[in-house]
Structure formats: C-alpha cells, structure tokens
Amino acid sequence: MKSGGTAIFGLADDTFTEEYRIYNDTYHGQVIKMIFDVRTGRTVPFCFDVACEHIPSDYKDEDDKSSCVAYDFGVFPIYLNKQCLYYIQSDGLYSANLQGENRKLITQFQKPYSISSCIYTDEAAYIAYTIPYDILSSGEGKNKQWFSGQAKEKPEAGVLRVPYSGEAEEVIYASDEYYDMQIAELWYHNGNVSFQVIGLERPSKFTLCAPESEEWKSMVEEERKHTIVEALNYSVVNKSVSSLYRKQTYCTIYFFSDVYGILTDNMTLELYRYNGEFVAETEISLYNIYRSDHGIYACEWGTRDYVLLSQDNGKELKREFKIKDFVITAIVGKSIYGVSSVTEEYVPAYISEDDFWNGNTEGMIEYSFTKE
C-alpha cells in the first residue's frame, strides 16, 4: 500500500489520492471501509488478511468474536501517511499501522462534539463540529460521562485542530452568533485550512412541504435572504484565523489550491487569491464545480460540457463534450473519480485524466465489491 502524497477528503467519508480511494459501503448490514486501487482496478474491503471473510463479529459463532478490521474505522475519512493510519471516532483521534492493526486512542476529546466532517494535514486533523445541546457531565478522567441537556437556541459551531502528537484538541474557531450554525466545508491548501460557515440571522421558518412545489421554492428563497455565509482561513504557521469573505445573503463558495471562488447570480465564478486579491470572473456560467488539487474543474451551464479553467485568469484551458454518463466527484493528480451510468445508475467509477480529456470512455473503470 503506497502512502503519503496529496490527499483530499470528501464532505462525509471519502479519502481520495492519485493511487486509491477509500470510502464507506454497506456489507452484511454494517458500514465497512472499502478501497479502490487504481493500479489493479479493483475494490476490496480495507483489510489485509487474505484469509478474512470480511464478516462482522455479530455474524460469527459465539466463541469467535474477531471482526474484520474494515468495520472498525467509523464513518469519517481515514488518512494514511508514510508511517501510520489515522482515523476519527466520536470519542477521539485514533492511530493504527498502515494495515489498520495495532489500533490505539491518541487523543480523547474533552467534549462530546457532534462531528460533521474532517480533513487531515501533515501535522494534525481538523474537525468540523457542532454542540447543539447544553452539556452535563459526571465523574472524572476515564470515568467521566457526558449527558445532553436542553437544546440550544443557537448551537455552537466550530473547528478543532487535533495534533498527532497526542496533545488535547484545540478549538481554532467557535461561534454561536447565528441560528442553525454549521461549518459547511473544510479545505487544506499551502499550509492553510480554509472553511465555510453558514448560519441564519433569525430562527428557521422552513416547514415540511412537497419538494420542488411553489411553497417549497418560496420558503427556500426566503430562508436564503436571512442566511449569512462566511469564508475563513486558519494559518497553520501563524495559528490565527482571518476572514476571507462574508455575505449577508446566501451564496456558494468554492475552495481551490490557489484561489477561492464566489458563485454569482449569473452562475459565473468570481476568483480571489487567499490574500483577498481579486483575480478574474469566469467567462462562462457553471453548473457544477468539483474538488480538485489542481485547476478548476467544472461543468458548463448550457452545454453540460466539462471544462478545466485556469486559476490565474479564469479562462478555459480544456473542454470535453463526449463523456456525458459520468459525474465527477473529485480529481487528484492524474486520477478522476466519480459515478457512472453507462451500464447502470450511479456505479462508482474511475478514469485517468488523459482518457477523460480524450473522451475515451473505454478507459473508464466501474467498480463495486461483489456482495454475497
């Protein structure tokens, strides 16, 4: 298993690198970590025991409680560096060897955070969290227990830095200024962690109704008028948080390796350096914009063509119009991950960057683990 190198993390559970993707699937009714290997084109449980049947302990005989390690990593992304593997559970940060064995708790969290997403850097894990309830506790040390009290009118939302050294977690950002606050995205670039904060200036008035109905559309529009969106940046070196962008009504912000983008009402992107310098506005309107460690990958609004845009001036560098049955999820190096509907709906798929821009659908690999 090759480790290290560039990795980007999905909003929920994926780890993407140029060599592999690690993601959650369901097997025997339980969440299991799967790994797709670009070299072999196969996906298997994240388990290195050739004799393992990948059966959770609940399904085994009473005298056999051993479990396949692929069930033991929780739902959040895992990270492989050159020495070991890191993963996050609700109670803290854990480590293991690169095969997922010799697991141990590195840092036990000091509070019962409700975790929404996480990313990893070379020096620490960064975790987006909320605390939606008043917190009560009893006991001390390892015997300490937490209990949820009354729901908060305004939940605390924040970002944790959890170093791999075993030190306690550090809250690098926390706020309960707005209603329904949440950290919408975390992104690492060039020694900085950028994140997006969303909240409401008044309690939500959204009620259940038929999706896409006129009532639903009207409520969405009204909620967006009262939504505050802010992009912030944490410097790992300076250990400080600064504001990148703030808007009093709803907007969409995208982070890239060298710039960040603000989606306009015309569906173009206004691009800014992380120092606040305005770069350019894209000449074309965009339908979808994807996570990438290089360049700006997007789908053009009218044609649904895929385009690659420059981070220096927002201009089009490449265009692909042949591949229509593939939806991009993330791009790392020369690897493009997504889902394909060539043979059936929503099958995980991979294609190399070269095959993608050449429109070579024969180079696409659809992958899934054969369930018994």
Side-chain angles (χ1 to χ4, degrees), residues 1-57 59 66-89 93-104 117-122 125 188 290-293 326-340 346-353 355 363-372:
M1 170 61 62
K2 188 175 180 180
S3 59
T6 300
I8 61 177
F9 305 92
L11 289 175
D13 55 25
D14 287 356
T15 302
F16 298 99
T17 77
E18 192 170 27
E19 294 82 24
Y20 57 83
R21 172 195 176 199
I22 303 174
Y23 63 102
N24 290 340
D25 204 341
T26 302
Y27 193 50
H28 290 291
Q30 296 190 26
V31 175
I32 185 172
K33 289 290 185 188
M34 296 287 182
I35 181 167
F36 168 75
D37 188 317
V38 169
R39 182 180 56 84
T40 64
R42 296 180 61 240
T43 185
V44 295
F46 191 82
C47 172
F48 297 84
D49 181 356
V50 295
C52 184
E53 297 179 345
H54 311 303
I55 299 174
S57 57
Y59 282 73
S66 61
S67 176
C68 171
V69 296
Y71 293 97
D72 297 335
F73 300 111
V75 298
F76 301 109
I78 63 178
Y79 172 56
L80 282 70
N81 69 11
K82 294 179 180 179
Q83 290 80 35
C84 61
L85 174 156
Y86 295 102
Y87 64 101
I88 291 166
Q89 302 277 34
L93 174 67
Y94 287 76
S95 70
N97 65 20
L98 293 177
Q99 287 72 44
E101 301 165 334
N102 302 325
R103 298 183 296 276
K104 64 178 181 180
S117 63
C118 69
I119 62 172
Y120 301 86
T121 72
D122 290 339
Y188 178 70
Y290 308 101
R291 290 184 163 225
S292 169
D293 68 336
F326 179 79
V327 178
I328 293 176
T329 304
I331 305 98
V332 189
K334 296 289 187 179
S335 294
I336 301 180
Y337 299 93
V339 291
S340 165
Y346 305 119
V347 178
Y350 160 88
I351 189 170
S352 72
E353 193 174 46
D355 282 337
M364 187 186 303
I365 300 173
E366 293 185 342
Y367 57 92
S368 61
F369 185 65
T370 302
K371 296 177 173 57
E372 298 176 355

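Every residue meeting the ring-ring contact (aromatic ring centres under 6.0 Å, His included) condition with Phe36, not counting sequence neighbours, appears here in chain and number order: Tyr350, Tyr367. Applying the side-chain hydrogen bond (donor to acceptor under 3.5 Å, both in side chains) test to Thr121 and every residue at least two apart in sequence or in another chain returns Glu123. Under the side-chain hydrogen bond (donor to acceptor under 3.5 Å, both in side chains) criterion, Tyr94 pairs with Asp91, not counting sequence neighbours. Tyr71 meets the ring-ring contact (aromatic ring centres under 6.0 Å, His included) test with no other residue; sequence neighbours excluded. For Asp355, there are no salt bridge (charged side-chain N to carboxylate O under 4.0 Å, His left out) partners two or more places apart in sequence or in a different chain. The salt bridge (charged side-chain N to carboxylate O under 4.0 Å, His left out) check on Glu353 picks up Lys334, with sequence neighbours excluded. With sequence neighbours excluded, no residue forms a ring-ring contact (aromatic ring centres under 6.0 Å, His included) with Tyr23.
Asn81 places a side-chain heavy atom less than 4.5 Å from the side chain of Tyr86. Considering only heavy atoms from C-beta on, Phe9 comes within 4.5 Å of Tyr79 through its side chain. Side-chain contact between Arg103 and Val69: present, with at least one pair of heavy atoms (C-beta onward) separated by less than 4.5 Å.
The two atoms that bring Asn97 and Leu85 nearest to each other are O-CB, 3.6 Å, heavy atoms only. Heavy atoms only, all atoms of each residue included: Leu93 and Ala125 are closest at CD1-CB, 4.5 Å. Shown here for Phe326 and Ala349, the closest heavy-atom pair between the two residues is CE1-CB, 3.8 Å. Residues Leu98 and Gln83 share a closest heavy-atom pair of CG-O, 4.0 Å. Ile8 and Ala330 make their closest contact through CD1-CB, 3.9 Å (heavy atoms, listed as atom of the first residue, atom of the second, distance). Smallest separation of non-hydrogen atoms from Phe76 and Ile88: CD1-O, 3.6 Å.
Annotation: the span from Tyr337 atom OH to Ile351 atom CD1 amounts to 13.0 Å, rounded to 0.5 Å. Residue Ile336 holds its CD1 atom at 8.5 Å from OG of Ser292, rounded to the nearest 0.5 Å. Atoms CD and OG1, from Glu19 and Thr6 in turn, are 9.0 Å apart once rounded to the nearest 0.5 Å. For the atom pair Asp25 CG and Gln30 CD, the distance stands at 13.0 Å (nearest 0.5 Å). To the nearest 0.5 angstrom, Cys47 atom SG is 5.0 Å from His54 atom NE2. To the nearest 0.5 Å, the span separating CE on Met34 from OG on Ser368 amounts to 9.0 Å.
For residues 42-51, no residue pair satisfies the salt bridge (charged side-chain N to carboxylate O under 4.0 Å, His left out) rule, not counting sequence neighbours.
Between Phe73 and Phe46, the ring-plane angle classifies as perpendicular under the 30° and 60° cut-offs.
For Asp14 (side chain) and Arg21 (main-chain N/O), no donor-acceptor pair under 3.5 Å exists by modelled atom type. Between the side chain of Asn24 and the backbone N or O of Val31 there is no donor-acceptor pair closer than 3.5 Å. A donor-acceptor pair under 3.5 Å links the side-chain atoms of Thr15 to the main chain of Ile78, judged by distance alone.
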**OP:** Dump the intermediate steps for side-chain contact (heavy atoms from CB on, under 4.5 Å) on Leu80 and Thr17, then the final yes or no.
**Re:** CA-CA 10 Å; Leu80 282 70; Thr17 77; over 6 Å; no
**OP:** Quick one: do Phe48 and Glu101 satisfy side-chain contact (heavy atoms from CB on, under 4.5 Å)? Show the steps, please.
**Re:** CA-CA 9 Å; Phe48 297 84; Glu101 301 165 334; 5.9 Å; no
